[in-house]
Amino acid sequence: MASEKTLRELFHDTLKDIYFAEKKILTALPKMAKAAQSDDLKAAFEKHEAETEEQVARLEKVFAEIDAPARGKTCDAIMGIIEEGQEVMKEYKGTPALDAGLLAAAQAVEHYEIARYGTLKTWARELGLDDAAQLLEQTLGEEKKTDATLSEIAESAVNQEAEAA
Ligand SMILES: [Fe+2]
Ligand SMILES: [Fe+2]
């Protein structure tokens, strides 16, 4: 079936995209943890770094399920998002707005991942890759949870600022 083959290729291509992205994120998270001023934010980045390591391993299992080597393909979107985060770190270093900027950058990363994993999970199901679908769903859950944690930190920081004002 030609249409099935196309979706499988698309799945493989998108898998390479997110594999590249996760590895890039793995190098960015320690820098973001180091830069964060709030202990909560630092801890959130450190926790997610450990999760991201597992997510990379999960992707390698998905590659194995489709008999493909675990290989990334440059993802311009994540490069851009991470670059923006690095700009924030540089431009807002030592200012009260640094954490807000780091939170915004991190949430952009999570939203990108949520979009990708949501799509990949759906495609895995359609392709009958049940184990892959489960692995991708597990990671999707972690990305959503991370996003929610970041939102909570952002809101509590905003509240504190409002209280102090
Ligand atoms: Fe991730
Ligand atoms: Fe993530």
Side-chain angles (χ1 to χ4, degrees), residues 10-66 68-89 92 98-127 129-158:
L10 196 56
F11 178 79
H12 186 197
D13 236 22
T14 309
L15 199 62
K16 288 196 243 177
D17 171 289
I18 196 70
Y19 188 63
F20 175 93
E22 290 289 17
K23 290 205 151 186
K24 208 77 203 160
I25 292 162
L26 209 46
T27 68
L29 279 169
K31 291 176 201 161
M32 292 167 82
K34 206 175 159 211
Q37 289 165 334
S38 129
D39 288 340
D40 284 351
L41 186 54
K42 214 179 261 294
F45 286 151
E46 280 165 1
K47 182 182 175 210
H48 200 47
E49 186 191 342
E51 281 174 342
T52 301
E53 273 173 25
E54 283 172 40
Q55 294 174 354
V56 167
R58 255 177 235 140
L59 286 174
E60 285 163 358
K61 285 188 198 159
V62 176
F63 277 110
E65 199 184 334
I66 58 165
R71 206 171 288 154
K73 182 183 135 201
T74 305
C75 165
D76 292 324
I78 205 74
M79 297 279 274
I81 293 169
I82 286 175
E83 206 173 301
E84 278 184 6
Q86 283 165 348
E87 272 171 37
V88 166
M89 274 191 258
Y92 288 85
L98 176 66
D99 280 3
L102 285 172
L103 274 160
Q107 285 197 282
V109 170
E110 295 315 310
H111 288 197
Y112 181 75
E113 292 183 295
I114 288 166
R116 280 290 179 251
Y117 280 109
T119 299
L120 280 167
K121 181 203 75 178
T122 303
W123 286 347
R125 285 256 157 75
E126 281 169 30
L127 293 165
L129 303 166
D130 294 337
D131 291 345
Q134 218 173 339
L135 290 163
L136 294 163
E137 179 140 36
Q138 205 179 339
T139 297
L140 178 61
E142 285 176 0
E143 311 295 21
K144 285 183 181 170
K145 210 167 161 235
T146 302
D147 181 48
T149 302
L150 293 172
S151 286
E152 273 171 37
I153 294 172
E155 278 157 28
S156 69
V158 167

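Both counts, for ligands and for their atoms, begin at 1 and track the order of listing. All of these numbers come straight from a predicted model, not from anything done at the bench.
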Heavy-atom pair of closest approach, residues A108 and I81: CB-CG2, 3.8 Å
Sequence neighbours excluded - salt bridge (Lys or Arg N to Asp or Glu O under 4.0 Å) pairs with any residue from residues 24-36: none
Protein N, O or S atoms under 2.8 Å from the Fe ion (ligand 1): 5
S151: partners by side-chain hydrogen bond (donor to acceptor under 3.5 Å, both in side chains), with sequence neighbours left out: Q107
Rounded distance [0.5 Å steps], CZ in R71 versus NE2 in H12: 8.0 Å
Side chain proximity check, E143 to Y117, heavy atoms < 4.5 angstrom: yes
Test side-chain hydrogen bond (donor to acceptor under 3.5 Å, both in side chains) applied to E49 - qualifying residues, sequence neighbours left out: none
